[in-house]
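As structure tokens, the structure follows; a few thoughts come after it.
A, B, ... follow the sequence lines: proteins, then strands. Residue 1 opens every chain.
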Number of protein chains: 2
Amino acid sequence: MASEHSIDSSEPSADFEILVHGARQGQKPQLRLWLRMLSITKMISQEIRRRLRVEFGATLPQFDLLAQLYRAPEGLKLSELSRRMMVTNGNITGLADRLEADGLIVREMLNGDRRVTVAKLTRRGRETFSIMAKAHEGWLRDLMADVDEGALAESLAHLAKVKASANRRLVED
Amino acid sequence: MASEHSIDSSEPSADFEILVHGARQGQKPQLRLWLRMLSITKMISQEIRRRLRVEFGATLPQFDLLAQLYRAPEGLKLSELSRRMMVTNGNITGLADRLEADGLIVREMLNGDRRVTVAKLTRRGRETFSIMAKAHEGWLRDLMADVDEGALAESLAHLAKVKASANRRLVED
DNA sequence: CCGCGATCTTTGACATCTAAAGCATCCTGT
DNA sequence: ACAGGATGCTTTAGATGTCAAAGATCGCGG
């Protein structure tokens with residue numbers, strides 16, 4: 001505890017733990033884990049966001065959208081993009097507008113179904129994303145450089161359970 | 001792998017993993033852990049956000065701000081709030097505006113220093129937050145109900161390392 | 001006592017987000 | 001056929017987020 005707290009009390013990062021009505025030591029482990037994941041993702045997201053902006057003039061949601069398309073050479077329906085990115089449909093419209101204006105993606109209505117729009121990476125989008133992704137991966141390796149492989153692997157396994165649990169509650173109700 | 005994927009492929013939640021330029025099995029564990037944390041926090045955040053909205057007409061950032069003040073009976077400077085919530089100063093202004101309009105917090109300029117504004121919970125803010133926090137804690141227990149205490153404890157410990165690592169990189173550079 | 005950098009909050013321009021409504025298009029059952 | 005529900009995208013209103021710059025105030029050194 002002392003070590004954990006010493007990190008936060010002297011740094012500009014937030015300490016969410018022990019802040020929500022009395023979460024303590026062994027108490028309320030779900031709440032503690034939740035708050036810890038939140039503070040980590042917030043902290044790292046901001047750094048990634050900052051680097052994407054200064055090094056590539058891009059935003060994190062834009063990077064995310066490009067990543068989805070990079071893995072789908074045939075392109076994706078906008079609604080499929082919104083499902084995979086876990087954002088609402090309305091969100092994708094503006095995001096795709098900007099990326100299309102930047103020439104990184106194109107919208108196509110090739111289907112017989114005129115309701116459907118498919119987004120694809122352009123050649124430039126593919127090249128740009130490829131460079132960004134390599135940098136992005138390096139940033140993460142750097143940020144987690146002090147974490148041993150064992151801890152990474154175990155976290156990955158445990159968090160799979162967390163994800164499965166939350167998933168189950170969210171779809172089976 | 002199969003089990004992990006089976007969860008995602010049939011559900012409306014995103015599968016970030018295996019999506020960013022070829023992250024695979026034992027490869028790039030940092031990237032995989034990052035994407036997993038991201039998808040979990042996104043998934044759970046949306047559920048929490050939804051419940052806060054339908055049950056209390058509140059938003060997650062508002063809940064977060066109230067939580068910070070709840071733990072600080074003397075109130076907090078707006079800049080201290082922004083530090084703890086890990087958002088920029090400009091963000092706090094509007095957030096505090098709305099909460100003040102709702103009568104949940106007050107801004108006071110009691111100091112000799114007229115630059116400083118301190119935000120405090122009102123009685124109503126304290127009572128409201130207290131109820132929301134209890135519900136919030138229950139939601140999390142429910143969402144993580146299938147995760148055994150051991151996995152929770154180990155995740156907590158491992159993620160402390162991740163947090164410390166990221167923290168170190170972000171402040172020592 | 002005065003200037004000038006440091007500190008604190010707000011403002012302004014934009015990009016993301018959500019929820020909900022609006023439109024167009026498709027498809028199915030009769 | 002065709003009415004009506006389902007599906008897919010966009011639009012709207014409002015909240016949140018960033019960054020950068022503007023204002024206000026403080027405090028210290030000369």
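Between Ile48(A) atom CD1 and dG17(D) atom C1' there is a gap of 17 Å when expressed in whole angstrom units. Rounded to an integer number of Å, the gap from Met109(A) CE to dT7(D) P is 19 Å. For Arg83(A) and dC9(D), the CZ to C1' distance is 17 Å, given to the nearest whole Å. The NZ atom of Lys42(A) sits 14 Å away from the C1' atom of dC17(C) (whole-angstrom rounding). When the C1' atom of dT18(C) is taken as reference, atom CG of Leu52(B) falls 14 Å away, rounded to whole Å. In this entry the distance linking CD1 of Ile92(B) with C1' of dC8(C) reads 13 Å, nearest Å. Atom NZ of Lys77(A) is separated from atom C1' of dT7(D) by 8 Å (rounded to the nearest Å). In this structure, Leu38(A) atom CG and dG17(D) atom P are separated by 11 Å, rounded to whole Å.
Between His136(B) and Leu31(A), some side-chain heavy-atom pair lies under the 4.5 Å cut-off.
With sequence neighbours excluded, no residue satisfies side chain to side chain donor-acceptor pair (under 3.5 Å) with Asp102(A). Listed by chain and residue number, Asp97(A), Glu100(A) satisfy the side chain to side chain donor-acceptor pair (under 3.5 Å) test with Arg107(A) (two or more places apart in sequence, or in another chain). Under the rule for a side chain to side chain donor-acceptor pair (under 3.5 Å), Thr117(B) has no partner lying at least two apart in sequence or in another chain.
Between Arg98(A) and Asp97(B), the one whose closest nucleotide on DNA chain C sits nearer the 5' end is Asp97(B). Residue Gln62(A) is the one, among Gly112(A) and Gln62(A), whose nearest nucleotide of DNA chain C lies closer to the 5' end (criterion: closest heavy atom).
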Using nucleotides 19-22 of chain C, report all nitrogen or oxygen pairs with the protein that are shorter than 3.5 Å.
| unit_1 | atom_1 | unit_2 | atom_2 | d |
| --- | --- | --- | --- | --- |
| dA19(C) | OP1 | Arg53(B) | NH2 | 3.3 |

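Within 4.0 Å (heavy atoms only), Leu95(A) reaches sugar-phosphate atoms of the nucleic acid but no base atom.
If you check distances only, the side chain of Arg115(B) never reaches the base of dT9(C) with a donor-acceptor pair under 3.5 Å.
Under 4.0 angstrom from either OP1 or OP2 of dT10(C) there lies at least one side-chain N or O belonging to Arg107(B). Applying the 4.0 Å criterion to OP1 and OP2 of dT9(C), one finds that Ser79(B) has a side-chain N or O inside that range. Put simply, Arg114(B) has no side-chain N or O that comes within less than 4.0 Å of OP1 or OP2 on dT7(C). Contact annotation: Thr59(B) does not reach the phosphate of dT18(C) (side-chain N/O to OP1 or OP2, under 4.0 Å).
With hydrophobic clusters built from ILVMFWY side chains whose heavy atoms lie under 4.5 angstrom apart, Leu170(A) shares a cluster with Met85(A).
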Let me check something: any side-chain donor-acceptor pairs from residues 52-59 of chain B under 3.5 Å, sequence neighbours excluded? List them with distances.
| unit_1 | atom_1 | unit_2 | atom_2 | d |
| --- | --- | --- | --- | --- |
| Thr59(B) | OG1 | Gln62(B) | N | 3.3 |
| Thr59(B) | OG1 | Gln62(B) | OE1 | 3.4 |

Would you mind writing out the side-chain donor-acceptor pairs for residues 43-50 of chain B within the sub-3.5 Å range, not counting sequence neighbours?
| unit_1 | atom_1 | unit_2 | atom_2 | d |
| --- | --- | --- | --- | --- |
| Ser45(B) | OG | Thr41(B) | O | 2.7 |
| Gln46(B) | NE2 | Met86(A) | O | 2.7 |
| Glu47(B) | OE1 | Arg50(B) | NE | 3.2 |
| Glu47(B) | OE2 | Arg50(B) | NH2 | 2.9 |
| Glu47(B) | OE2 | Arg51(B) | NE | 2.7 |
| Glu47(B) | OE2 | Arg51(B) | NH2 | 3.1 |

